[in-house]
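In what follows, a structure is listed as structure tokens, so that the remarks can point back to it.
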Number of protein chains: 2
Amino acid sequence: MPQDAMLRRISFYADLSDDDIARIAEMDGRARTFERNTEIIDAGQKLDCVFIVTEGWAIRYKTLEDGRRQVLNVLLPGDIFDLQVMVAAEADHSVLAVTDVGTWVVRPETFEGLLTQSSSLSCAMWWMQVQEEAFLREQIMRNGKQTARERIGHFLLELHRRIRIAGFGKDESFRMPLTQSIIADALGLTPIHTNRILRQMQRERLIERDKGWVTFVDAERLADICQFDPSYFHLDAMRSRLGRRV
Amino acid sequence: MPQDAMLRRISFYADLSDDDIARIAEMDGRARTFERNTEIIDAGQKLDCVFIVTEGWAIRYKTLEDGRRQVLNVLLPGDIFDLQVMVAAEADHSVLAVTDVGTWVVRPETFEGLLTQSSSLSCAMWWMQVQEEAFLREQIMRNGKQTARERIGHFLLELHRRIRIAGFGKDESFRMPLTQSIIADALGLTPIHTNRILRQMQRERLIERDKGWVTFVDAERLADICQFDPSYFHLDAMRSRLGRRV
DNA sequence: CGGCGAGTTGAAGAGCTTCAAGCCTGGTGG
DNA sequence: CCACCAGGCTTGAAGCTCTTCAACTCGCCG
């Protein structure tokens, strides 16, 4: 069911009642799929619906007039975008399907209804929002003050953790469909340099790459090198609030 | 009155009724001031109140373990931080007073009451939130894909516009209390290079600097050079929603 | 089998950093 | 009233990280 990804994700942020689950399952909306390499949202377009990623990877990005592209963030299954639609804003950036992407499209009123009806759902949405903003801040930190090597390691560790939260991947590895060009555009590097650093990290046995999978050989050492401190995920706060492991 | 800055700012985002204005004026809270160069919020601390800047400049920043500092954003009079407190999160970054800073401190319940009582206020808050996230994204873009020269110009143009919205500055100039070190830490540069570029921009007669004031000699040319496109402020959308100039 | 997108590698060069030193200005105290 | 100090600003020179340009390889799909 297309709402599964959303359910799985929201359960991570809040304890849902049976009513909540029913509300999400019966939520009015329609499925819409996007082929890989197609635009889901174009910068400048009027936003009129909330999207929930049910499947696949997408990227938010901005382009400068001369074509330079900056990837802002990665969207994974369970991610919701954009709550901006609530104030009828225009998109100030674009969203591109990196793989084939499945979405569930919901009218803002429907979504708003969901939030006002259930304080658990509303709270979960706040958490997702807080986390998303934290990702943006961490992205600024990484690209502003870290070396290419640190950026790439940090980025991979973040993605791994997010993929695990979304319910995919394994303990030390995950499928990573982003091209080196996309990684480069996310981290403010050239694809060439990104490639060199990735190869170097393999040579140093920090990571392994095979058929689109990334494996951390020694995640702790890597986290140490990159100064990856996952406190910005706010998992502790959620844990203590919910009284369970997250 | 300390709430003035907040009133002035919110009026920018929504048409307030007399009731709304009264609600803000009577909002329960206390004034608190911070001397320049003191911490307003420390990373890791439990957030328990909403702050509204009534006076002065502050910066949000993160530090790496080895001391490298990244400035994430600048806080100006009228800015509200942090709505994260609504989910009782811990601060994942710090806030530092750059000048002497006046704040109005409000309990989350009080603030939430304000939002639930008035849809205008709630809507204004959404706009501020959308705008703040847009600033973060623009910061990522700038630092990731622009040259030092472009970054500095873009940053100055953004600050000028924000200061104007906050109700300060003049058409082509504004008081800018950030040191070159802070600018450097915001833009992922060294203070030395920041200085060189600033001087170069003066020599090219793009800007003038005097006694902490920055003046744009030819704002249009500068915006062109930096590819500064203020659509991320979402002013058009607000204008059409409110039916007035903003 | 051919072509295309993605990945890989080398060599040269630009942009920014690092280290080092001097300057300017506003505030403090004798 | 002036000397002095500290923080911020300014400039030079050398060097490193990352970019640019160019070419080649690999794997996949029609």
Side-chain angles (χ1 to χ4, degrees), chain A residues 35-38 57 59 64 66-71 96-100 142-153 155-156 175-203 207-214 225, chain B residues 35-38 57 59 64 66-71 96-100 142-153 155 175-203 207-214 225-226:
Chain A
E35 271 183 37
R36 66 186 233 103
N37 262 322
T38 56
W57 290 47
I59 51 173
L64 290 169
D66 58 19
R68 284 176 281 178
R69 174 179 75 170
Q70 174 67 42
V71 171
L96 176 80
V98 171
T99 63
D100 289 347
R142 182 158 62 199
N143 293 2
K145 278 287 162 323
Q146 299 199 271
T147 64
R149 201 174 125 91
E150 291 168 333
R151 282 183 223 182
I152 291 175
F155 183 67
L156 292 177
R175 176 158 175 65
M176 229 288 286
L178 305 181
T179 64
Q180 294 183 6
S181 255
I182 293 175
I183 299 173
D185 282 344
L187 300 180
L189 303 167
T190 55
I192 292 106
H193 198 58
T194 303
N195 176 270
R196 283 195 236 274
I197 303 287
L198 278 170
R199 308 244 74 210
Q200 183 196 315
M201 289 172 82
Q202 283 176 268
R203 257 179 276 120
I207 59 170
E208 283 170 3
R209 286 183 303 146
D210 188 41
K211 299 186 183 60
W213 280 75
V214 170
I225 288 172
Chain B
E35 272 182 35
R36 66 186 232 104
N37 262 323
T38 57
W57 291 47
I59 51 173
L64 290 168
D66 57 20
R68 283 175 282 178
R69 175 179 74 168
Q70 174 68 43
V71 172
L96 177 80
V98 172
T99 63
D100 290 347
R142 182 159 62 200
N143 292 2
K145 279 286 161 325
Q146 298 198 272
T147 64
R149 201 174 125 91
E150 291 168 333
R151 282 183 223 184
I152 291 175
F155 183 67
R175 177 159 173 63
M176 230 285 290
L178 305 181
T179 64
Q180 295 182 7
S181 254
I182 292 175
I183 299 173
D185 282 345
L187 301 180
L189 302 167
T190 55
I192 292 107
H193 198 58
T194 303
N195 176 270
R196 283 196 237 271
I197 302 288
L198 278 171
R199 307 244 75 213
Q200 184 196 315
M201 288 171 82
Q202 283 177 267
R203 257 179 277 122
I207 59 170
E208 282 170 6
R209 288 182 303 144
D210 188 42
K211 299 188 183 61
W213 280 75
V214 171
I225 288 173
C226 308

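Just so we're on the same page: letters track the sequence lines, and every chain starts at 1.
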Short side-chain to backbone donor-acceptor contact, A:Asp100 and A:Glu35, under 3.5 Å: no
Interatomic distance, B:Lys211 NZ vs C:dG26 P [rounded to whole Å]: 8 Å
A:Ile152 side, atom CD1; A:Ile207 side, atom CD1 - distance, nearest 0.5 Å: 8.0 Å
B:Asn195 CG - C:dT18 C1' separation (whole Å): 15 Å
Side-chain donor or acceptor of B:Gln70 paired with backbone N/O of B:Asp185 under 3.5 Å: yes
Check: B:Thr99 side chain, B:Trp57 main-chain N or O, donor-acceptor pair, under 3.5 Å: yes
Straight-line distance of B:Asp210 CG to B:Gln202 CD, nearest 0.5 Å: 9.5 Å
Separation of atom CG in B:Asp66 from atom C1' in C:dT18, rounded to whole Å: 16 Å
Closest nucleotide among C:dT9, C:dA6, C:dA20 to the A:Arg199 side chain: C:dT9
Atom-to-atom span, CD of B:Gln180 to C1' of C:dC23 - whole angstrom: 13 Å
Over 12 non-hydrogen atoms of neighbours within 6.0 angstrom of CZ in A:Arg36: no
B:Arg196 or B:Thr179, whichever maps to the more 5' nucleotide of DNA chain D: B:Thr179
Within 6.0 angstrom of B:Arg68 CZ, more than 12 heavy atoms from elsewhere: yes
Overall bend - the helix from C:dC1-D:dG30 to C:dG30-D:dC1, comparing terminal axes fitted on five pairs, nearest 10 degrees: 30°
First and last nucleotide of DNA chain D, 5' to 3', lying under 4.0 Å from heavy atoms of chain A: D:dC18 to D:dC21
Atom pair distance, as rounded to whole Å: CZ in A:Arg36 and C1' in C:dA6: 10 Å
Nearest-0.5 Å distance that lies between atom CZ in A:Arg151 and atom CG in A:Leu156: 13.5 Å
Interatomic distance, A:Ile192 CD1 vs C:dA12 C1' [rounded to whole Å]: 14 Å
CD-NE2 distance between B:Gln180 and B:His193, expressed to the nearest 0.5 angstrom: 12.5 Å
Contact list for DNA chain C against residues 142-151 of chain B - heavy-atom distance below 4.0 Å: B:Thr147, B:Ala148
A:Arg209 side chain near C:dA6 phosphate (N/O to OP1/OP2, under 4.0 Å): no
A:Leu198 CG - C:dT8 C1' separation (whole Å): 11 Å
Distance, nearest 0.5 Å, that separates CD1 of B:Ile192 from CZ of B:Arg196: 7.0 Å
Touch class at under 4.0 angstrom, heavy-atom based, for B:Gly212 against every strand present: nothing
Point-to-point distance, once rounded to the nearest 0.5 Å, from CD of B:Glu150 to CZ of B:Arg142: 11.5 Å
Any donor-acceptor N/O pair, A:Asn143 side chain to A:Ala186 backbone, under 3.5 Å: yes
Interatomic distance, B:Gln200 CD vs C:dC16 C1' [rounded to whole Å]: 13 Å
